[in-house]
Amino acid sequence: MGVLVTAEHIIEGLNPPQREAVTTIAGPLLILAGPGSGKTRVIAHRIAYLVDVIGVAPWRILSVTFTNKAAKEMRSRVAAHLEEAAADLMLGTFHSICARLLRTEADRIGLNRSFNIFDDSDQMSLMKRACEYSNVDTKRFKERAILSAISHAKSELVSPETYARGARDYFGEVVARVYARYQELLVENGALDFDDLIVRAVEMLQNNAEVREKYQERFLHVLVDEFQDTNIAQYQLARLFAAKHPNICVVGDPDQSIYSWRSADIRNILNFERDYPDAKTVLLEQNYRSTQNILDAAHAVISGNKQRKEKSLWTSAGEGEPIVAYEAYDEAEEADFVANEITSLVEDERRSYSEFAVMYRTNAHSRALEEALIRAKVPYALVGGTRFYERREVKDILGYLRLIQNPHDAVSFARVVNVPGRGIGAKTLSELERWARERGVPAFTALQLVAEQESAVRPSVVERHPIGAKQTKTLIEFQQMIAELQDVAEKNNMTTLLDGVLERTGYRKHLFAEFEESEGEERWENIGELRNVASEYDGLSAGHGLVAFLEDVALISDADTTPDNDDPGSGRVTLITLHSAKGLEYPIVFMIAMEEGVLPHIRSFDDQAQMEEERRLCYVGMTRAKQRLYLVRAFKRYNMGSSSHNPPSRFFKDVPQVLISQRSAVRSQYEAVERGPSRYREGLARKDDRPPVPEELVFAGGERVRHPRFGEGIVVSSQKVKDDQEVSVAFKGEVGMKKLMLSFAPLEKL
DNA sequence: CGCCGTACGGTTTTT
DNA sequence: CCGTACGGCG
């Protein structure tokens, strides 16, 4: 019996249908978490609770992936309840579970156990090479577009051969050619890209009966979270796991599908109903997160989509505060507004910084915010952005480690062979590569051949390598260094290996030579941070530590770097893209840059389907807020050097005026637009009846006032701030001095 | 042959 | 604005 559950919040709160859904889980469990599913953490809690209270047992942990925070938490929670030796539990993202299984079964399926996982930039390097070898006119067909087409094919389990047969136009033919070549290169490099992890795992289960039975027996139940963002291959994998014991539960909300550009396919939901006709669908329309105002506003936005099934969420949480709309002059002023608002809410409402999140469409928008928050001395944590593992110095060191683990990795080889500068340039490398290709060996192996030739008494003239004398010497030294480090890796823990790499390469000196004192220091600290992470793998046996470390680093997700907002000590405002925010929640959310061209993004203007996805993205952002939601925009914004005026986002305008408390720094021409509030919901109108802030100062110095929370006080001063008034009041007792904005503070004259 | 300077182009979202 | 491509110099 399968169970299909759609809509928000399956487990949180455990209402009756949710309880029913979860209690069908009665044995070994495999959880496949979709991208960025912070909600999985809640599920983890609930499962632990069920184990504890309902006594679903006995389970045993076979393997748990550590790459995401939810998995880690799941493990510690569940481990506390479980006996060491009963059933099997596996929790992780699709990618991390596949990586783990492929590594475990590598020998059986003829896969090199020390395969490296190639990320986006590694893929691009390979793609450039693949295009070069296939003589592709990359002016006409962009490598990025070809890679994207290949990635899409893989996500639908379309092989190069099948793709070639289906190619209808010239672009298709080019892609087919490059696809085949690209796959060959991956094999040569002993690498799997992100898509391969899924594809190879599916193939493994399809083609190897022994492996298939093993896992189908092991996992009696399969649960997929964030199902709306899975692709065809991932769904296929889930089905394979659940083929023997068809206990499969998927959780997803079609309105939150925001990864179609990454080949997530909403057809999965339809297919699920077709593939499991006995499945029970449970619609969960009670929301346990947001206030009714927030839900109504979000509903008004998402209702603008044509392609959707209507559902309306409700909550017992009450109306809550109105949504604050604010128009700033430019992005600096916008950021200041956010910083000030946070500061005053922290003061006035005793909020912790960790209760706030600021969300934006693109990573670039975090810049102005960071500056403003630093000025305002507001602690913040940036999620994603220039991600830690994408920093140059970190990638360099990882490049060495990857080459040590897998010398066939030509991408890593090319990255580190001249870092620090050893006098090995493009010319030498291309010569070496050409020579290696003639021999059908990877570049690093070719280097070993060069070394052998050099040490031979009478080198063969015909096979003679084409490398100059000086470069040859350097390259052989490099090759020997890596060989020695491989030896270190086999016998020592991660910290020792990393220190060995740093020492042998003289990387610290290199950093300080290349950069200014302060920047060098900063980058060296990043290496220190990397070393800290690596040290967590010291407990693993030599060799295994390196494999696990590199795998985890490759598969770490933005959500894993999210500050834990359950932890009151963390005390930081979260800055995060709308995409990364999926599955998370915060009491107070600011959505900034709510402008046409940003959200919705300009690149979605000419495509209806993409526009609908932008709308869903907006919906996702709005529904992250539990208590207060701010929709903020700027009249003027600097893009890349030049500034532009963007009209307010169309999504912004979809929010009924009755739900909004409007605040503005500038009187722009847009203020006049669509002012007339269409009465959205009975009983909400009175909110808008709040009188506008008057021109004259309402409070004078010396006046006695009362505030519902702070009690009685005396007005010290009051002044006009933009089109609001700021009143400074000395309250009695411990409360002391407060600065209050008139439009917000319910101040009463005594 | 490699390194460093300047011009230019492209510019969402991420496992 | 940032990273890459190309051209001249050591």
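Chain letters run A, B, ... following the sequence lines, proteins first, then strands; residues in each count from 1.
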Starting at the 5' end of nucleotides 2-8 of chain B, put B wherever the base has a protein heavy atom under 4.0 Å, S where only the sugar-phosphate does, and a dash everywhere else.
SS-----

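- Under a cutoff of 6.0 Å and an axis angle of 45°, A:R103 and A:F115 form a cation-pi pair.
- Cation-pi geometry between A:R262 and A:F194 is not satisfied (NZ or CZ under 6.0 Å from the ring centre, within 45° of the ring normal).
- Aromatic stacking of A:H95 on B:dT15: not satisfied for centres closer than 5.5 Å together with planes under 30 degrees.
- Note: CG (A:L555) to C1' (B:dT14) measures 13 Å, nearest angstrom.
- Atom P of nucleotide C:dC2 and atom OH of A:Y638 are separated by 16 Å, given to the nearest angstrom.
- A:R615 has its CZ atom 18 Å from the C1' atom of B:dT13, to the nearest Å.
- Summarising the geometry, the separation between CD on A:E226 and C1' on B:dT15 is reported as 13 Å, rounded to the nearest angstrom.
- Considering only side-chain N and O atoms, A:R392 lies nowhere under 4.0 angstrom from the phosphate OP1 or OP2 of C:dC2.
- For the 3.5 Å distance criterion, the side chains of A:N305 and A:Y619 fail to qualify, holding no donor opposite an acceptor.
- In this structure, the side-chain contact (heavy atoms from CB on, under 4.5 Å) partners of A:E477, at least two apart in sequence or on a different chain, are A:K473.
- In this entry the distance linking CD of A:E390 with C1' of B:dT14 reads 9 Å, nearest Å.
- For the residue pair A:E226 / A:Q228, a side-chain donor-acceptor distance below 3.5 Å is found, with atom types taken as modelled.
- Judged as a salt bridge (Lys or Arg N to Asp or Glu O under 4.0 Å), and not counting sequence neighbours, the contacts of A:D120 are A:R144.
- For the pair A:S580 and B:dT14, the criterion of a side-chain N or O lying under 4.0 Å from OP1 or OP2 is met.
- If you measure from atom CG of A:L432 to atom C1' of B:dC1, you get 15 Å, rounded to the nearest angstrom.
- B:dT13 has its base stacked against the ring of A:W261, the centroids being under 5.5 angstrom apart at an interplanar angle below 30°.
- A pairwise comparison of heavy atoms in A:S96 and A:L555 identifies CA-CD1, 3.5 Å as the closest pair.
- Distance CE (A:M611) to P (B:dT12): 16 Å, rounded to an integer number of Å.
- Taking side-chain N and O atoms only, A:T577 has no distance below 4.0 Å to OP1 or OP2 of B:dT12.
- Remark: C1' of B:dT13 and CD of A:Q610 are 11 Å apart, rounded to the nearest angstrom.
- You'll find a donor-acceptor pair under 3.5 Å spanning the side chain of A:R361 and the base of B:dT13, going by distance alone.
- Between B:dT14 and A:N363, a contact under 4.0 Å exists linking OP1 or OP2 to a side-chain N or O.
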